[in-house]
Amino acid sequence: MRLTRSLAVRATLSLVALIVARDRAGAQQIWNDARTTALVERATERRASQLADTALVDYKATAHGYVTFLAQFGEGFPEPPKIVKADELGLEVYWRAPDLSKQRIMGRRDTLLLPTDINYHRDHLGIVQNNFRNIIRIGEGDEVRDVPHPLSPAGLQVYDFAIRDSLQIRLADRTLDVYEVRVRPKDDRQPRTVGAVYINRESGEVVRMAFSFTRAALIDKELEDVSVVLENALIEGRFWLPRRQEIEIRRTGSWLDYPARGIIRGRWEICCYEVNIPMDPALFSGPEIVMAPAPERAANPFPFTGNVLDSLPPDVRAVTDADVKKVQDEARALVREAALARTRSFAISARHISDLVRFNRVEGLALGTGFLQLIGGGFALAAAGRYGFSDEEAKGRGALEYTTGAGSRLALAAEREYRDASEEQETSLVRNTLAAQEFGSDYTDPYDVNSLSLSGSLARLGWRPSFEIAWEQHDSLSVHAQPASGHFEPTIPAQPLHEMRLTLGLDRSTSLTFGGYELGARFMTSGIWRASRSPGARGEFFRPTATLDLQKPFGSSRLLLHTVAAGLFGRSDTIPAQHLVYFGGPTTGPGYDFHELVGRGGLSQRVEYRFLAPFFPVPLGRFGNAPATITLAPFANAVWIDRSPAFKATRQGWYPSLGLGALTVFDVLRFDVARGLRDGRWTFGVDIGRDFWSVL
């Protein structure tokens, strides 16, 4: 055990060193050298002259794209965003020298998956021509305004440039050399871009641009960041014109530190160019982006295929698009993190709605709040508190936190909390509050914890490693509250003890993997050194846990597999009740009573298949109607449990169950009925969809 403890401590110290290490990539890079300056000046001249190039008089093209509004939830936003609304658009794109642009929307269809009345800015519904004008604006100037283009006369004066890399583009008749030129502002406190431009060495023309913006460039103070990727293609062997574009705009509240954000993602593919064709100058009158008249759209419908959701790019639900993430990482490497960070210094803080108000059998009605105070350099002070009116006890947490621009974190915290012994949350906390208050149905098993901890996690990796070292004091709790009807079950007999715990974790955000499956995973292992207040009850334990989510879409249907496994291994036969494995309830053991299945080890496996069925539309006022469909979700579940403790009825082996779920009103509400097949019963329930539990 001493050897294990030593190796674990070494692993933790190594992870701490990785988190606090500074990214020194590019430290030896030479900025504004003669070669780079000559290339950038040539590109700027070529960009200006191209607008007056007599060889390129005009062109017509077709653009096909998606503008998707997504919502992302949960502390640290570890999971993929949920699609709220998806628009598919087809455009006719026109350009005429010197700088006239017109885009006509020939087709538009959308799918609403959550109630929203979002309206996009007009320029979100079209493509960027000429790699932006000399002054960059996004969101019609409401999001980004008055930013000098790096390859403009003003840009040459306010940006630094450095050649970072070179690459080759092989065509049928020649090979093109392209230089990646990094761009950073001379003064990152001003409205500027940060990123890279890719320049054809031979012609000086722009092949690609990938950039973000400094904080001063973002007009809307609720914006987190705006990232842009523009790619051009060589048309007719001589004109670099738009081929692919991506824009991502992320927004969160400015006064409340709450783990919910909105994301607008625009993706475009441009093709089918016709260069130097007769074009009526009157075509370019009026706004740049317009909807074509209905009769014309009906006569020439855009050739959409399949349903909107079926045709979306498969990685649209990624936490961050790979190209956009690279832009954000590059921006953090090029300028001070303060130049990209939000300026908010103080905010009311809540990780869940239930941090503000909740009800359970121990605390009764409990009210709370918190705050976050940024103190500079990535450091912040966080505090939260809650008071229960039935137990008349205060709970709270104070922490000093350090966060890098990439999202790696360290936190030193002290807290007193009522921790839930559940292996996995059985219901949303909002549903638990209502059921506990009205019917005496509390699906939590709390025990008292006082702790001092050091924790951290490392970002920028496909798998996110984390650690926590904690010194804790545990005690049992008693029922103090009274429900409106019914009665509460007693709390678990948690053992009073002192312990030191080292936990190492490895998390994978849900993302595409083999065979089109979406995989999310979490592995944790804790080493526990216990000093009980009871004589002779000391012990050392090893407690691994694993959670796996595997999903596979089949058109509008979806297969879901959810696995939870945990075990407790140690030298002592006296196992504290708070460290046992608890299954049973709507999530881990449908058809069985809450935490009926308890032991030193266990596994819960769920298999669910979701498909659409006809249903009546639910009116939602100004949001219109929910779709006239319902999602049916038949499921099978099996729990294996080993060695039940003395305070629970004896359970050993497998406990299967079958059930049917129904999700309606944009899948926000879920109804379940299930039957336990081994000494189980019928259970019925209604709750909020699980995708929203992380903020409830």
Side-chain angles (χ1 to χ4, degrees), residues 43 47 63 65-70 89 91 93 101 103 120-152 155 158-159 161 180-185 188 190-199 205-220 223-233 240-251 262-270 288-289 313 315-316 318 320-335 339-340:
R47 182 171 174 273
Y66 300 88
V67 180
T68 311
F69 177 60
L70 308 101
L89 298 107
L91 307 178
V93 179
S101 175
Q103 301 179 48
Y120 300 116
H121 288 95
R122 186 185 296 269
D123 59 0
H124 293 161
L125 304 178
I127 68 168
V128 175
Q129 296 271 55
N130 298 326
N131 302 302
F132 287 106
R133 292 181 168 87
N134 284 345
I135 296 297
I136 298 174
R137 295 163 63 94
I138 295 177
E140 298 176 285
D142 292 337
E143 293 163 339
V144 174
R145 183 195 311 160
D146 300 336
V147 176
H149 195 293
L151 302 180
S152 68
V158 300
Y159 292 102
F161 302 91
E180 177 188 355
V181 180
R182 304 181 89 179
V183 179
R184 71 181 185 188
D188 58 21
Q190 300 299 317
R192 301 290 186 262
T193 67
V194 186
V197 293
Y198 296 73
I199 301 172
E205 291 180 291
V206 176
V207 175
R208 188 176 191 263
M209 296 184 68
F211 58 90
S212 185
F213 296 90
T214 61
R215 171 53 46 187
L218 305 182
I219 304 302
D220 186 342
L223 289 175
E224 282 188 67
D225 51 55
V226 176
S227 302
V228 179
V229 178
L230 308 178
E231 291 186 1
N232 298 327
W240 287 96
L241 301 177
R243 183 187 72 86
R244 188 178 74 91
Q245 300 186 0
E246 295 187 43
I247 296 181
E248 178 169 300
I249 302 167
R250 302 194 300 180
R251 178 182 280 104
I263 303 170
I264 296 174
R265 285 182 179 166
R267 295 187 178 188
W268 294 93
E269 300 282 344
I270 304 97
E288 179 184 1
I289 302 174
D315 60 341
V316 74
T320 300
D321 176 83
D323 283 345
V324 171
K325 184 178 186 302
K326 183 179 179 181
V327 170
Q328 295 165 352
D329 290 344
E330 289 292 327
R332 283 188 287 266
L334 288 172
V335 300
L340 304 174

Between atom [atom1] of [X] and atom [atom2] of [Y], what is the distance when rounded to the nearest 0.5 Å?
X	Y	atom1	atom2	value
E180	R182	CD	CZ	7.0 Å
R243	E269	CZ	CD	6.0 Å
L218	I138	CG	CD1	9.0 Å
Y66	E246	OH	CD	13.5 Å
I247	W268	CD1	CH2	10.0 Å
N131	L151	CG	CG	8.5 Å

For the student: nearest non-hydrogen atoms of [X] and [Y], plus distance:
X	Y	answer
L223	R215	O-NH1, 2.8 Å
I270	P242	CB-O, 3.5 Å
P191	P148	O-CD, 3.5 Å
D123	G139	OD2-N, 2.9 Å

Would you say [X]'s side chain and [Y]'s backbone share a donor-acceptor pair under 3.5 angstrom?
X	Y	value
N134	H149	no
Q103	L91	no
T193	S212	no
R145	I219	no
R122	I289	yes
D188	T214	no

Evaluate the side-chain proximity of [Y] to [X]: yes if any heavy-atom separation is below 4.5 Å, no if none is.
X	Y	answer
V183	F211	no
V93	Q129	yes
F132	L230	yes
I264	V67	yes
V228	M209	no
V158	R192	yes
V207	W240	yes
R137	D146	yes

Less than 4.0 Å between a side-chain N and a carboxylate O, is that true for R251 and E143?
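Result for this pair is yes, salt bridge flagged.
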Walk me through it: do E248 and V229 pass the test side chain to side chain contact (heavy atoms under 4.5 Å, CB included)?
CA-CA 9 Å; E248 178 169 300; V229 178; over 6 Å; no
